[in-house]
Amino acid sequence: MPEKFYITTAIDYPNNKPHIGHAFEKIGADVQARFRRLRGQPVYFLIGNDENTVKVSKRAKELGLDPKTYVDQMAEVFKTAWRELNISNDDFIQTSEERHWKGCQKFIQIVYDRGYIYKKAYQGLYCEGCEAFKTQRDLVDGRCAQHPNQELQVVEEENYFFALSRFRDRLLALYRERPDFIAPETRKNEVVSLVESGLEDVSITRQNLDWGIPVPFDPSQRIYVWFDALLNYVTGVGYGTDEDKFRRWWPADMHVIGKDITRFHCALWPAMLMAAGIEIPRRVQVHGFVLLKGAKMSKSLGNVVDPMDLVTRFGADAFRYVLLRLCPFTGDGEFSFDQFITVYNADLANNLGNLYSRTVTMCLKYFGGHLENTKGLVANEVFDDLKLESFHEELTRRMVDCEYNLALGMIWQELLDRANRYIDRTRPFELAKTDRDRCRIVLANLAMALRTAAIYISPFMPTTAKTIYSAFNFSPDYSGIRWDDGGTVARTSNDLRVTAETEKGKVRPLFPRIQVEAQSA
RNA sequence: GGCGGCGUAGCUCAGUGGUUAGAGCAGCGGCUUCAUAAGCCGUGUGUCGGUGGUUCGAAUCCACCCGCCGCCA
């Protein structure tokens, strides 16, 4: 019985439209979600926006909108972007939704009742740039290290604090007992040393806010930032509003997050859940950043390339492929427009796309698309010198570990290159004149190799996979494909027949080659 | 400033103690024509950021330095 798989991404600040960094995370999580579905696991894939922030209400005021109108508009912008990228999320949570507010209030009340929240008069130095209080040891020459040009303000107010410091030993035990809780391992080491060095209690409410979730036991205060945002992972599956749904999906099997927010997900979040008596997630999967021409992609830098331009021009599949091939998901990677073109042409147009074109064309040209007497054929020639089982095993491990760039490398080098070499070796274009029976068998083998490739690439390029799969009358039909079918030698269940779309008698290219202009650095 | 990560061929990345450090792309030479001027074959003398150390042996462990990046609740 396959286990359910509940996967989330970080929720995004809706201050601007999504950039390539957001896209990287969503695509990586989407690949995992699609991969799990292909393995037969029931998947719930949650994404969303983080809306209960001071910045959001400020921005809304600037635009003359009330906050809810503003965040709803921005939610549409994000949803549209994810739809264009073919993100297969099952749900999109906005933290301004009632289900989230109810769940948050239930949660904070429980933690309060269990004695992990206390009130304290707090006097601190507040940095307006960071929108946060600074401790003495954060300061450099009496100023905020990030905003040395601004004066710090002395602010005093009564806030509620979460007793994070009481969870030090329990957290360390968690990391010890569940070594897979944080991946990759370097991130775990980071968190362990952070927690070992000691945790301070955190302020989790603010006074005098007009936007955000009221604290149920003290309506003059509102829940602040992380204690609200992290809870989307439970409220998104019904915590506080639909307990049956919550029981079905919780705990989360994978939280996909960026390395900048590791500590909140690996220390604060499990502590919060412990405080509320809720089960801890199975894994926090940390990804790196996409660096554009050496500079970090950032909302405040202003992006040179809008990723959506590439998506619109070359398609979601191409964008998804190139980004994940170029940038290792678990670490930082580099991306540029030139790199995009190079990888697109080499891997998609020349290698995969051309393999598809030449195979389909030969079937049409020599046999009118009908490969008779190919029913029941064990098509094992293309990968005959490959240990398909161990290949499948290793590829699957790469997928589970989110090493997508390496997984794609394996598919291209071990499968697609082999198929191209097979054509060169068997020369079906000569066989068409000398040995038509043999030619038919060769083409059937190629078709079945394309089927294997289509299965493996479908988490990455769902549209392309379907196009390839639909180019022949394979059985079972596309909706029934399973990841593990890739690892077994295929036997044809019908006489193969080309059903690919053609234009003026020619096969439509999967990925039209991008013509590069003369010279541009 | 404190803590942490990264720095491997022109480019993007593998490789974490053991023979002459690898792949793809780009480049160069040849073959081929089914195909999107695509494919196949051949071709890689890199101080593995620097210095010092541990070791019989280090890209791989330790220290310091330089550069880039993240966090500092």
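A note on names: the letters A, B, ... follow the listed sequences, proteins ahead of strands, and every chain is numbered from 1.
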### Summary
Contacts satisfying salt bridge (Lys or Arg N to Asp or Glu O under 4.0 Å) that involve residues 186-198 of chain A (not counting sequence neighbours) are A:Arg187-A:Glu190

Is the shortest side-chain N/O distance from [X] to OP1 or OP2 of [N] below 4.0 Å?
X	N	answer
A:Arg513	B:rA38	yes
A:Arg421	B:rC41	yes
A:Lys259	B:rG4	no
A:Asn189	B:rG4	no
A:Lys365	B:rA35	yes

For [X] and [N], give me the distance from atom [atom1] to atom [atom2], rounded to whole Å.
X	N	atom1	atom2	result
A:Asn351	B:rA23	CG	C1'	14 Å
A:Leu415	B:rG24	CG	C1'	15 Å
A:Tyr422	B:rU32	OH	C1'	18 Å
A:His287	B:rG5	NE2	C1'	15 Å
A:Gln413	B:rG24	CD	C1'	6 Å
A:Leu164	B:rC72	CG	C1'	14 Å

For [X], which contact category applies under a 4.0 Å heavy-atom criterion: base, sugar-phosphate, or nothing?
X	result
A:Ser357	base
A:Arg425	nothing
A:Pro512	base
A:Gly409	nothing

[N] pairs with which nucleotide, Watson-Crick or G-U wobble, both distances below 3.5 Å?
N	answer
B:rC6	B:rG67
B:rA59	none
B:rC13	B:rG22
B:rC28	B:rG42
B:rC34	none

In whole angstrom, give me the gap between the [atom1] atoms of [N] and [M].
N	M	atom1	answer
B:rG18	B:rG10	P	25 Å
B:rA59	B:rG22	P	13 Å
B:rA14	B:rG24	C1'	10 Å
B:rC66	B:rG29	P	46 Å
B:rU8	B:rG42	P	28 Å
B:rG53	B:rC13	P	33 Å

### Task
Compare every heavy atom of A:Ala10 with every heavy atom of A:Tyr233, then report the nearest pair and how far apart it is.
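Closest pair (atom of A:Tyr233, atom of A:Ala10, distance): OH-CA, 3.6 Å.
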
### Task
Establish, yes or no, whether a centroid distance under 6.0 Å links the rings of A:Phe314 and A:Tyr344.
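So the answer is yes for these two rings.
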
### Task
Decide if the gap between the ring center of A:Trp412 and the ring center of A:Tyr456 is smaller than 6.0 angstrom.
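Ring centres of A:Tyr456 and A:Trp412 not closer than 6.0 Å.
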
### Query
Taking the six-membered ring of A:Phe460, is the NZ or CZ of A:Arg320 close enough (under 6.0 Å from the centre) and on axis enough (within 45°)?
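Here A:Arg320 fails the 6.0 Å and 45° test against A:Phe460.
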
#### Entry: Crowding at CD, A:Glu158 (>12 non-hydrogen neighbours, <6.0 Å)
yes

